[in-house]
Amino acid sequence: MSLPRLAAAVATACCLAVLPLATAGPAGASGGPGVPDRPLRQLAADDRLRIGTAVDTSALADDADYRRLTGGQFSTVTPENVMKWEVTEPRQGEYDYAAADRLVDFAHRHGQKVRGHVLVWHNQLPSWLTSGNFTADQLREILHRHITDTVRHFKGRVWQWDVVNEAFNDDGTLRDSIWLRELGPGYIADAFRWAHEADPRALLFYNDYNTEWTGPKSDAVYDLVRRLRAEGVPVDGVGFQGHLGIQYGLPTGMAANFARFDRLGLATAVTEADVRMEMPADAEKLATQAEGYRLLLDACLRTRHCVSFTVWGFTDKYSWVPSTFPGEGAANLYDEDYRPKPAYRALQAELTGRARPASAG
Ligand code: XIL
């Protein structure tokens, strides 16, 4: 934790007029000394920022605490899985948007915006697609149709779409995927054009991980979006996923990296923040984790058009981390019993009394 910054945030918070108490969690969390206990979404609104979470729609249906925090703490939601191709088009031409529609309705009732995730990716594709023997022309038409039908279905109800996800390798070369192999690199521009035709008002994002700092991968994304913009391709923003692990050390230079995308006239967003650790967790690791979250949010708040900061789930009770990274976990803002962790407090403090550069949001 950078002490001068935290001290400044706390000092500002202490001198504000009495603020409404809000439910930080079922465990009855107080804001701690000097930190007002307002929900993240209220604090973020003061900074003209949307704060979001990925939503596990089964938990949303079954777990009242999860539901209350999803609605109470966040001003945007991302479906963690239910807008992915394997869910929305399990058989060719047969769509199932039921689970996604329920989440979009929930968002509407709670005054939340929706990040659509995801249209073109190499993972979680239905098997009819990956094991079908399609020609390149057929596959192009399949992709065109899927994008058009899906974006049209949610037209006017999705704020930002992750149009293309994880198209690059860490060395900056294009990832070998079904799309690159069969359609060539032009699939990226086509996907943005097709999404734009289907909903001209949605903000269209390129989204990836390990791009938060400067390096070959973020350079490749930068070159891509700069070229697409120059060619008139409708790309509006770049999403930095923000999956960090404290064992690798916390990244530096994120704000400077976000800034160069901002200078291209693009929106930016942190789209999937979580900060994992090798288990078991301890106080020191949780403090480092809090600093990781704070750094990600700080980079966003310093960036003029960083429009949203989304965490990839908010409670350790439901997290993709333990099953994806064996031996790692505790990556979220709340523990398994919905007690807010130091990371939650760090975001609260960081959102409090921050002056953003003009014309954010
Ligand atoms: C993950 C989900 O969290 C898991 O539940 C699922 O099993 C696999 O996908 N980058 C992305 C997300 O863009 O879609 C991934 O979500 C996490 C990494």
Side-chain angles (χ1 to χ4, degrees), residues 52-63 66 70 74 76-90 99-100 103 114-127 129-130 146-147 150 154 158-170 174-175 177-180 188 191 195 203-212 217-218 221 224 237-245 248 251 268-277 292-293 296 308-326 328-334 336:
T53 182
V55 176
D56 175 333
T57 49
S58 307
L60 194 70
D62 299 342
D63 182 335
Y66 184 90
T70 302
F74 301 98
T76 169
V77 290
T78 306
E80 184 174 0
N81 286 303
V82 297
M83 280 188 193
K84 291 175 180 173
W85 200 322
E86 66 177 7
V87 177
T88 57
E89 197 182 356
L103 178 61
V114 178
R115 294 200 80 259
H117 178 82
V118 50
L119 296 173
V120 190
W121 195 27
H122 59 280
N123 275 336
Q124 294 180 272
L125 294 170
S127 56
L129 172 56
T130 49
H146 180 80
I147 291 176
T150 303
F154 295 105
V158 163
W159 176 39
Q160 305 174 13
W161 271 109
D162 287 332
V163 176
V164 178
N165 196 31
E166 303 180 352
F168 288 99
N169 298 308
D170 282 351
L174 280 171
R175 181 191 291 272
S177 70
I178 183 171
W179 308 118
L180 183 68
I188 298 176
L203 289 178
L204 305 183
F205 275 68
Y206 177 82
N207 191 51
D208 216 324
Y209 63 93
N210 288 356
T211 49
E212 296 78 10
K217 192 175 193 177
S218 82
V221 173
L224 170 77
V238 171
F240 305 99
Q241 293 186 2
H243 294 293
L244 305 183
Y248 306 115
T268 48
V270 174
T271 54
E272 306 185 14
D274 58 10
V275 185
R276 59 188 191 270
M277 60 190 66
Y293 272 101
L296 283 166
S308 58
F309 179 91
T310 294
V311 293
W312 204 243
F314 58 88
T315 166
D316 295 337
K317 189 170 179 184
Y318 309 105
S319 165
W320 73 304
V321 167
S323 56
T324 313
F325 306 95
E328 299 178 44
N332 303 100
L333 301 177
Y334 292 82
E336 295 184 359

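Here, residue 1 is the first one in the sequence, and each next residue gets the next number. Indexing begins at 1, ligand by ligand and atom by atom, following the structure's order.
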**Request:** Examine the side chains of N123 and E166 and answer whether a donor and an acceptor come within less than 3.5 Å of each other.
**Result:** no
**Asked** When you look at L333 and T53, which way does the side chain to side chain contact (heavy atoms under 4.5 Å, CB included) test go after all the steps?
**Response** CA-CA 11 Å; L333 301 177; T53 182; over 6 Å; no
**Fill in**
Within the 4.0 Å heavy-atom cut-off around ligand 1, the contacting residues, ordered by chain and number, are E80, N81, K84, H117, W121, Q124, N165, E166, Q241, H243, E272, W312, W320
**Request:** List for me each residue that meets ring pair (Phe, Tyr, Trp, His ring centres under 6.0 Å) alongside F74, sequence neighbours excluded, and say none if there are none.
**Result:** F314
**ring pair (Phe, Tyr, Trp, His ring centres under 6.0 Å) partners of Y293, counting only residues at least two apart** = none
**Message:** I'd like to check the ring pair (Phe, Tyr, Trp, His ring centres under 6.0 Å) partners of F154; sequence neighbours left out, ordered by chain and number.
**Reply:** Y97
**Asked** Quick one: do the D63 and Y318 side chains pair a donor with an acceptor below 3.5 Å?
**Response** yes
